[in-house]
Protein chains: 2
Amino acid sequence: MEFRQLEYFLGVASELHFSRAAEKLFIAQPALSRQIQQLEDNLGVLLFERDKRNVKLTSAGEYLREEAKQVISQLENISKRTQQIHKGESGEIRIGHPGSAIYSVIPPILTSLRTNFPEIKAKLSEVLEDDLFGNLKNYQVDVGFIREPFVDKNIVSKVIFEESFVLVLPENHWISQENFISLAQVKYESFVLPPRYAGSAYYDLLVRMCEREGFAPNISHESNYGATILRLVEHNLGVSLMPISYKFSSAMRVKFIELMDVPERTHLSMAWRKDDTNPVLLNFLKAAESVIFDNVV
Amino acid sequence: MEFRQLEYFLGVASELHFSRAAEKLFIAQPALSRQIQQLEDNLGVLLFERDKRNVKLTSAGEYLREEAKQVISQLENISKRTQQIHKGESGEIRIGHPGSAIYSVIPPILTSLRTNFPEIKAKLSEVLEDDLFGNLKNYQVDVGFIREPFVDKNIVSKVIFEESFVLVLPENHWISQENFISLAQVKYESFVLPPRYAGSAYYDLLVRMCEREGFAPNISHESNYGATILRLVEHNLGVSLMPISYKFSSAMRVKFIELMDVPERTHLSMAWRKDDTNPVLLNFLKAAESVIFDNVV
DNA sequence: ATTAATTAATGCCAAAATCACATTAAATGG
DNA sequence: CCATTTAATGTGATTTTGGCATTAATTAAT
């Protein structure tokens, strides 16, 4: 069964007249007759009852007509969709990100993606910093956001966002933005921080900040999740250090003290496989590049 | 996009190797290369990334592979189903029948149909005797059961079942099979009968039975539905005359008196359009013919 | 580094499929 | 009975598809 035959068949089925159908199909009538005969022979099924005067569908023909219509329109959709994917206008992009990114870069990037490529679906998955690299290599995600710097010849990465840190305190803590002087003021507090295995470079950065003020943080609780950390601080279980973008993230009863004199910054990078030819990725990168972030420094 | 190209494409997509795929498709490798090129040109989409050493699907190719698989298996199903319909082994038969037929001929015919042609679905609709003719001509039903005799050059009919009449009485009525002599015994009773418009020949036959006994039935209630008539008789609202097959139809508290000396018979015929070429109909007729009825006379 | 082996693409010709034109055959209407 | 309509058929031209030999590019091995 060839597609040409199905199309010719539909032509005859809707005209019920070989000569007229042939005209509409831009072929000669004998060619059409023969293609229909051939289709009938291949199937072993009479599709039209015809005498020299009338042409009508048999029951099998009527069935085939309905199905063939469907198949052909399906095929048209498939063509179109294949072309869209080729142009990167349609498809799926799998994004791995640390939890914190959903408070900063991810919303504007997804907005830009939706605007520029409405047919691209984003699939987000929260990934530990130290796992992102592997997830990229294993083709589990197509693009990732990461604070950890890393170098690999198969992965391209690009810094897209820079932000400073804030000290997170319970709402009723005696320190306020006004009387805050330096981190040394919290040297005897216990800390709630992300575990080192979730991102060693980031963790070390936090420790360095404290050490410069002459103390090592006394860590009482650990959590991967920013929201969990905030919740623990809210309940007086410790203080924390977090990227400033969390300041706008929640309605919890905590306060954020800006650390004017602390030079450390965390850099959020976007990373992807160097050899990835998926056109959807290219368009995702385009959409991401067009976003201008209000870098919070 | 031609069917052949899709099949070749699937071959290469599953082997990811042109030469091996060509072998499995029983064509030479250059022919295969060219068909794939052609498919790619038609779509304007690169489907494989190939260098001299490796062949792999692009994202668009991966999408097409999934869809093409579906379309091709769909097409195989369509072929098969079309052939089944052609042979009359599959499809739908619309049956019009008087309510009474579901107590006699319909169950064994449907059983035979199910046995011989399990893929044929029967669609039953209860039709007034006088409407069946029109329903056949309008293509609302494909075959009908009818007691009314009629002649039409476009309709074929065939008597399949003959039965005698019984007198239907409330269970506590003074007449019994033992003391029954003739219909004249109920000449002063009121009758529950089908209306004349529901089947005039049948109605006239009932009246004739009474008139030979010297009375015209005094009709108190009318109903198309046998079950309704029985219900009315059960509740002492009259007596009735019905085909004997109703005797086995229900658990109502009525009694059926056989009319030994009454010569009238009702003949159930099967009717269909003479020019109907639907192979499902032919197989239905075949299935119906193979049924042997216990004619109740 | 040179050679051998692998493999997709290309040039070219053969085979097959498709098509068009002319004609035929059957049916209908006047 | 003749003119008209219309699907089928015969035949040859055109297009498409396929096969063989070869090429070009890449990898593996000596």
Side-chain angles (χ1 to χ4, degrees), chain A residues 1-58 60-62 64-65 68 72 75 154 275 277, chain B residues 1-58 60-62 64-65 68 72 75 153-154 274-275 277:
Chain A
M1 192 168 11
E2 284 294 323
F3 283 121
R4 187 189 306 97
Q5 295 174 337
L6 283 189
E7 282 188 326
Y8 289 0
F9 166 74
L10 284 185
V12 179
S14 71
E15 291 291 326
L16 293 178
H17 194 287
F18 278 73
S19 309
R20 268 203 303 281
E23 216 172 307
K24 293 209 173 179
L25 294 164
F26 302 107
I27 56 169
Q29 168 265 316
L32 181 56
S33 285
R34 269 201 266 259
Q35 286 294 325
I36 299 294
Q37 282 169 18
Q38 215 172 309
L39 177 59
E40 288 179 324
D41 286 352
N42 291 157
L43 286 168
V45 172
L46 189 76
L47 298 171
F48 295 102
E49 273 168 50
R50 47 241 207 235
D51 50 43
K52 281 277 139 61
R53 216 68 194 176
N54 296 296
V55 175
K56 68 182 264 241
L57 284 161
T58 62
E62 249 163 272
L64 184 62
R65 172 178 147 90
I72 285 186
L75 225 53
N154 297 314
D275 65 348
T277 55
Chain B
M1 190 163 18
E2 282 295 321
F3 186 55
R4 187 190 307 96
Q5 294 174 338
L6 283 188
E7 280 191 323
Y8 289 180
F9 166 73
L10 284 184
V12 179
S14 72
E15 291 291 327
L16 294 178
H17 194 289
F18 278 73
S19 309
R20 269 202 302 282
E23 215 172 308
K24 292 208 174 180
L25 293 164
F26 302 107
I27 57 170
Q29 167 265 316
L32 180 56
S33 285
R34 269 201 268 261
Q35 286 294 324
I36 299 293
Q37 283 169 18
Q38 213 172 311
L39 177 59
E40 289 179 324
D41 286 353
N42 291 157
L43 287 169
V45 172
L46 189 76
L47 297 171
F48 295 101
E49 274 168 50
R50 50 245 209 231
D51 49 40
K52 279 279 140 61
R53 216 67 196 176
N54 296 297
V55 175
K56 67 183 265 242
L57 284 161
T58 61
E62 249 164 273
L64 184 61
R65 173 177 147 89
I72 283 184
L75 228 49
K153 72 173 166 49
N154 296 314
K274 192 188 230 161
D275 65 347
T277 56

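Order of the sequence lines sets the chain letters (A, B, ...), proteins ahead of strands, with each chain counted from 1. None of these values were measured; they are calculated from a predicted model.
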Open item on the list: Is it the case that atom CD in B:Glu15 sees more than 12 heavy atoms from other parts of the structure closer than 6.0 Å?
Closed with: yes

- [ ] Decide yes or no for A:Leu39 and A:Tyr8: does some side-chain heavy atom of the first lie under 4.5 Å from some side-chain heavy atom of the second?
- [x] no

Task: Given C:dA20, D:dT6, D:dG19, the nucleotide with the shortest approach to the side chain of A:Ala28 - done: C:dA20

Task: Atom pair distance, as rounded to whole Å: NZ in A:Lys56 and C1' in D:dA7 - done: 17 Å

TODO: Give a yes-or-no answer on whether the side chains of A:Ser33 and A:Gln29 include a donor-acceptor pair shorter than 3.5 Å.
DONE: yes

Task: Side-chain N or O of B:Arg34 closer than 4.0 Å to phosphate OP1/OP2 of C:dT10 - done: no

Open item on the list: Nearest heavy atom decides the nucleotide; on that basis, is B:Gln38 or A:Gln29 closer to the 5' end of DNA chain D?
Closed with: A:Gln29

Task: B:Gln35 side-chain N/O to D:dT16 phosphate OP1/OP2 under 4.0 Å - done: no

Task: Rounded distance in Å - CZ (A:Phe26) to C1' (C:dT18) - done: 18 Å

TODO: Start with the C-alpha distance between A:Leu32 and A:Val12, add both sets of side-chain angles, then the distance that settles side-chain contact (heavy atoms from CB on, under 4.5 Å), and finish with yes or no.
DONE: CA-CA 9 Å; A:Leu32 181 56; A:Val12 179; 3.6 Å; yes

- [ ] Under 4.0 Å between any heavy atoms, over every strand shown, what does B:Phe48 touch: base, sugar-phosphate, or nothing? Just pick one.
- [x] nothing

Task: Protein-nucleotide distance (B:Ile27, atom CD1; D:dG18, atom C1'), rounded to Å - done: 8 Å

TODO: Mind calculating the distance between CG (A:Asn54) and P (C:dG29) to the nearest angstrom?
DONE: 9 Å

Open item on the list: Heavy atoms from C-beta onward define the side chain here; which of D:dG10, C:dA8, D:dG18 lies closest to that of A:Pro30?
Closed with: D:dG10

Task: Between C1' of D:dA8 and CD of A:Glu49, the distance in whole Å - done: 17 Å

Task: Heavy-atom side-chain contact between A:Val55 and A:His17 under 4.5 Å - done: no

- [ ] Return the nearest nucleotide to the side chain of B:His17; candidates are D:dA7, C:dA8, D:dG19.
- [x] C:dA8

Open item on the list: Taking the nucleotide of DNA chain C with the nearest heavy atom to each, does A:Tyr8 or B:Phe18 sit closer to the 5' end?
Closed with: B:Phe18

- [ ] Name the closest nucleotide to the B:Ser19 side chain, picking from D:dG18, C:dA8, C:dA20.
- [x] C:dA8

Open item on the list: Between P on C:dT28 and CZ on A:Arg50, what's the gap in Å once rounded to a whole number?
Closed with: 17 Å

Open item on the list: Without decimals, in angstroms, what is the distance between A:Gln5 CD and C:dT18 P?
Closed with: 7 Å

TODO: Kindly say if A:Ser33 contacts the phosphate of D:dA7, meaning a side-chain N or O under 4.0 Å from OP1 or OP2.
DONE: no

- [ ] Please report, rounded to the nearest Å, how far the P atom of C:dT7 is from the CD atom of B:Glu15.
- [x] 12 Å

Open item on the list: I want to verify a distance call: between D:dT11, D:dT5, D:dA8, whose nearest atom is closest to the A:Arg53 side chain?
Closed with: D:dT5

TODO: Identify whether any heavy atom of B:Arg4 sits under 4.0 Å from a base atom; if not, whether one sits that close to sugar-phosphate; answer base, sugar-phosphate or nothing.
DONE: sugar-phosphate

